[in-house]
Student: 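Dropping a structure here in structure tokens format, bear with me for questions.
These values consider heavy atoms only, across backbone and side chains, with no hydrogens, waters or symmetry-generated copies. The sequence lines fix the lettering, A, B, ..., with proteins before strands; numbering per chain opens at 1.
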Protein chains: 2
Amino acid sequence: MAKQSMIKGASKPIPEPVLRRLPVYYQYLRKLNLESPREYISCAKIAEDLNNLAIQVRKDMEFTGAQGRPKVGYRVTELLKAIEIFLGWDNTTEAYLVGAGNLGFALLGYQGFKDYGLNIIAAFDSSADKIGREVYGKKILPVKKLPDMIRRTGIKIGILTAPASCAQELADAMLGAGIKAIWNFAPVKISVPAGIIVQHENLASSLAVLSKRLALLLAER
Amino acid sequence: MAKQSMIKGASKPIPEPVLRRLPVYYQYLRKLNLESPREYISCAKIAEDLNNLAIQVRKDMEFTGAQGRPKVGYRVTELLKAIEIFLGWDNTTEAYLVGAGNLGFALLGYQGFKDYGLNIIAAFDSSADKIGREVYGKKILPVKKLPDMIRRTGIKIGILTAPASCAQELADAMLGAGIKAIWNFAPVKISVPAGIIVQHENLASSLAVLSKRLALLLAER
DNA sequence: CATTAATAGATAAATATTTATCAATAAAAG
DNA sequence: CTTTTATTGATAAATATTTATCTATTAATG
């Protein structure tokens with residue numbers, strides 16, 4: 001049952017770790033462009049600033065198809081564009097958010113998403129005191145309208161920020177109406193049929209890495 | 001410059017992917033314990049429910065030192081305990097949270113952390129209308145008191161939920177006062193001296209995986 | 001009480017990912 | 001104009017991670 005990592009499609013499959021690093025380069029390059037713009041940048045420089053290996057940066061960039069020039073490196077604007085296109089961030093994708101709690105509010109208010117081609121159109125919630133409100137320019141609608149809205153708009157991405165207890169139920173509602181990908185922030189595994197994408201954001205996993213590393217650090221003297 | 005993955009310490013180094021999966025098993029087992037308790041569980045059952053491979057589950061559990069019994073599997077309570085101890089979640093670690101925006105509120109209100117041995121003691125912010133408030137039983141204190149509080153309490157973990165623009169400055173303040181590990185939710189890379197742990201929570205990385213997989217899914221017909 | 005089947009545990013193979021080395025290229029320096 | 005150097009791009013090696021196979025154990029069954 002089930003496969004691992006590696007995202008395969010038409011061309012070369014791309015390792016998931018690479019995919020996760022590309023946005024880091026992207027954020028870095030955009031910041032650089034604002035704070036100390038330069039025409040060219042080398043993998044060595046990127047690696048130095050981000051604290052990883054130049055070879056890895058080069059390998060990662062290879063996947064995007066960006067072309068560098070010996071002795072000077074990549075043209076920053078071209079590199080940004082290459083990453084954008086490669087990740088599909090050049091054209092905007094719309095999404096609905098389900099569950100307008102604190103986390104939902106945080107995501108609604110996060111300005112960064114538009115740089116990544118993600119536009120949250122509206123939020124849904126079941127609590128009467130939230131419905132009708134507008135948060136960061138986005139309406140909070142009653143959750144019972146969700147399926148209908150998904151059908152009418154053809155939106156494919158659902159961001160699930162509801163409590164664990166109703167996560168599966170809400171996921172089912174979204175999938176039934178045509179959602180193809182769920183970004184799941186609920187601390188519970190949700191079951192979906194084959195062909196549906198779930199990206200599970202699990203704080204506990206990150207905390208585990210942190211805890212373990214801290215424990216080792218504190219133990220070593 | 002810089003190494004990859006693999007967390008090494010006294011005993012066998014543990015692969016980071018394993019470390020990230022253990023909390024998923026942990027959440028699953030706890031839920032199981034509540035909803036349909038049973039004395040024993042096999043790797044095959046866990047794998048089936050979580051949609052991965054039994055062999056991987058077995059291998060992962062091996063790291064925790066949990067002992068199973070042929071024909072029946074692991075005793076659920078023992079397995080939970082083994083994971084807890086292995087991750088260091090059996091005794092509580094205290095943390096401060098810096099940046100009481102929506103995301104900060106969301107983390108302050110998240111009840112799950114106590115299961116993972118993390119206790120957020122207080123939050124810090126610079127905005128006058130937040131200071132003094134109490135959120136989910138946690139006080140919001142002025143950020144200028146942060147260094148002193150870290151020194152006095154000896155707290156080692158800082159959770160950084162401030163805007164990107166002041167992330168580095170706040171990180172420096174924390175480190176100067178003795179913080180050893182930073183859980184960074186700001187969408188920017190922060191620089192820290194050697195020996196300090198940074199766990200960077202990057203939404204863009206997850207979104208990249210989601211975007212790419214969705215793009216491939218939608219392209220394939 | 002013997003046999004069967006399910007399972008953990010151990011070992012081995014396969015695959016994915018990272019890192020290193022080498023060759024080609026173009027800018028810079030002499 | 002030639003040489004040197006920094007860099008990408010290509011190829012290869014090393015390492016980490018996942019998956020498979022085999023063995024031993026123990027519960028269940030007849």
Student: How many Å lie between NZ on B:Lys45 and P on C:dA8, as a whole number?
Tutor: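 Between P of C:dA8 and NZ of B:Lys45: 13 Å.
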Student: Return the value, rounded to whole Å, for the distance between atom CZ of B:Arg58 and atom C1' of D:dT18.
Tutor: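 From B:Arg58 CZ to D:dT18 C1': 13 Å.
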Student: Roughly how many Å is it from CZ in A:Arg75 to P in C:dA26, rounded to a whole number?
Tutor: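 Rounding to the nearest Å, CZ of A:Arg75 and P of C:dA26 are 14 Å apart.
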Student: Rounded to the Å, how far apart are A:Ile14 CD1 and C:dT15 P?
Tutor: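 About 21 Å, once rounded to whole Å.
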Student: Picking from D:dG9, C:dT11, C:dA20, which would you name as closest to the side chain of B:Lys59?
Tutor: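 Minimum distance to the B:Lys59 side chain belongs to C:dT11.
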Student: To the nearest Å, give me how far apart CE (B:Met61) and P (C:dT7) are.
Tutor: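 Atom-to-atom, B:Met61 to C:dT7, this comes out as 15 Å.
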Student: Roughly, in whole Å, what's the span from CZ in A:Arg69 to P in D:dA6?
Tutor: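 The distance from CZ of A:Arg69 to P of D:dA6 comes to 18 Å, rounded to the nearest Å.
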Student: Will you find, in the side chains of B:Ser206 and A:Trp183, an N or O donor that is under 3.5 Å from an N or O acceptor?
Tutor: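 No donor-acceptor contact under 3.5 Å links the two side chains.
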Student: Counting only side-chain nitrogens and oxygens, does B:Tyr40 get under 4.0 Å of the OP1 or OP2 atom of D:dT26?
Tutor: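 Answer no for this pair, as no side-chain N or O of B:Tyr40 is under 4.0 Å from OP1 or OP2.
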Student: If you find the nucleotide of DNA chain D closest to A:Val72 and the one closest to B:Asp60, which residue's nucleotide is nearer the 5' end?
Tutor: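 It is A:Val72 whose nearest nucleotide is closer to the 5' end.
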Student: Among C:dT18, D:dT7, D:dG9, which nucleotide sits nearest the side chain of A:Tyr74?
Tutor: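 Out of C:dT18, D:dT7, D:dG9, the nucleotide with an atom closest to A:Tyr74's side chain is D:dG9.
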Student: What I want to check is whether the side chains of B:Asn202 and A:Gln27 have a donor and an acceptor closer together than 3.5 Å.
Tutor: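 B:Asn202 vs A:Gln27: donor-acceptor pair found between side chains.
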Student: Should the pair B:Glu48-B:Lys45 be classified as a salt bridge under the 4.0 Å nitrogen-to-oxygen rule?
Tutor: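 No.
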Student: Checking contacts here: which listed nucleotide (C:dT19, D:dT17, C:dA8) is nearest the side-chain heavy atoms of B:Ser42?
Tutor: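 When the side chain of B:Ser42 is considered, C:dA8 is the closest of C:dT19, D:dT17, C:dA8.
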Student: In terms of side-chain geometry, is the basic nitrogen of A:Glu78 or A:Lys81 positioned less than 4.0 Å from the acidic oxygen of its partner?
Tutor: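 Result for this pair is no, no salt bridge flagged.
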Student: As a test of reading the structure: which of D:dA20, D:dG9, C:dA26 is closest to the side chain of B:Leu53, going by heavy atoms?
Tutor: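 Selected nucleotide (nearest to the side chain): D:dA20.
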Student: Side chain of A:Ile55, heavy atoms from C-beta onward: which of C:dA20, D:dG9, C:dG9 has the nearest atom to it?
Tutor: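 From the listed options, C:dA20 comes nearest.
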Student: Go through the steps to decide whether B:Ile182 and B:Met174 satisfy the test side chain to side chain contact (heavy atoms under 4.5 Å, CB included), and finish with yes or no.
Tutor: CA-CA 9 Å; B:Ile182 294 180; B:Met174 289 197 269; 4.3 Å; yes
Student: Can you tell me the distance, in whole Å, between the CD atom of B:Gln56 and the C1' atom of D:dA20?
Tutor: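 My rounded result for the distance is 13 Å.
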Student: Provide, to the nearest angstrom, the distance between the CZ atom belonging to B:Phe63 and the C1' atom belonging to C:dA10.
Tutor: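 The answer, rounded to whole Å, is 14 Å.
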Student: Give a yes/no answer on whether the side chain of A:Arg21 brings an N or O atom under 4.0 Å of OP1 or OP2 in C:dT18.
Tutor: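 A:Arg21 to C:dT18 OP1/OP2: side-chain N or O found under 4.0 Å.
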Student: From the list D:dT18, C:dT17, D:dG9, which nucleotide is the closest neighbour of the side chain of B:Pro17?
Tutor: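 Among D:dT18, C:dT17, D:dG9, the one nearest the side chain of B:Pro17 is D:dT18.
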Student: Between D:dT5 and A:Lys71, counting only base atoms on the nucleotide and side-chain atoms on the residue, is there a donor-acceptor pair under 3.5 Å?
Tutor: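 When only heavy-atom distances are counted, A:Lys71 does reach the base of D:dT5 through a donor-acceptor pair under 3.5 Å.
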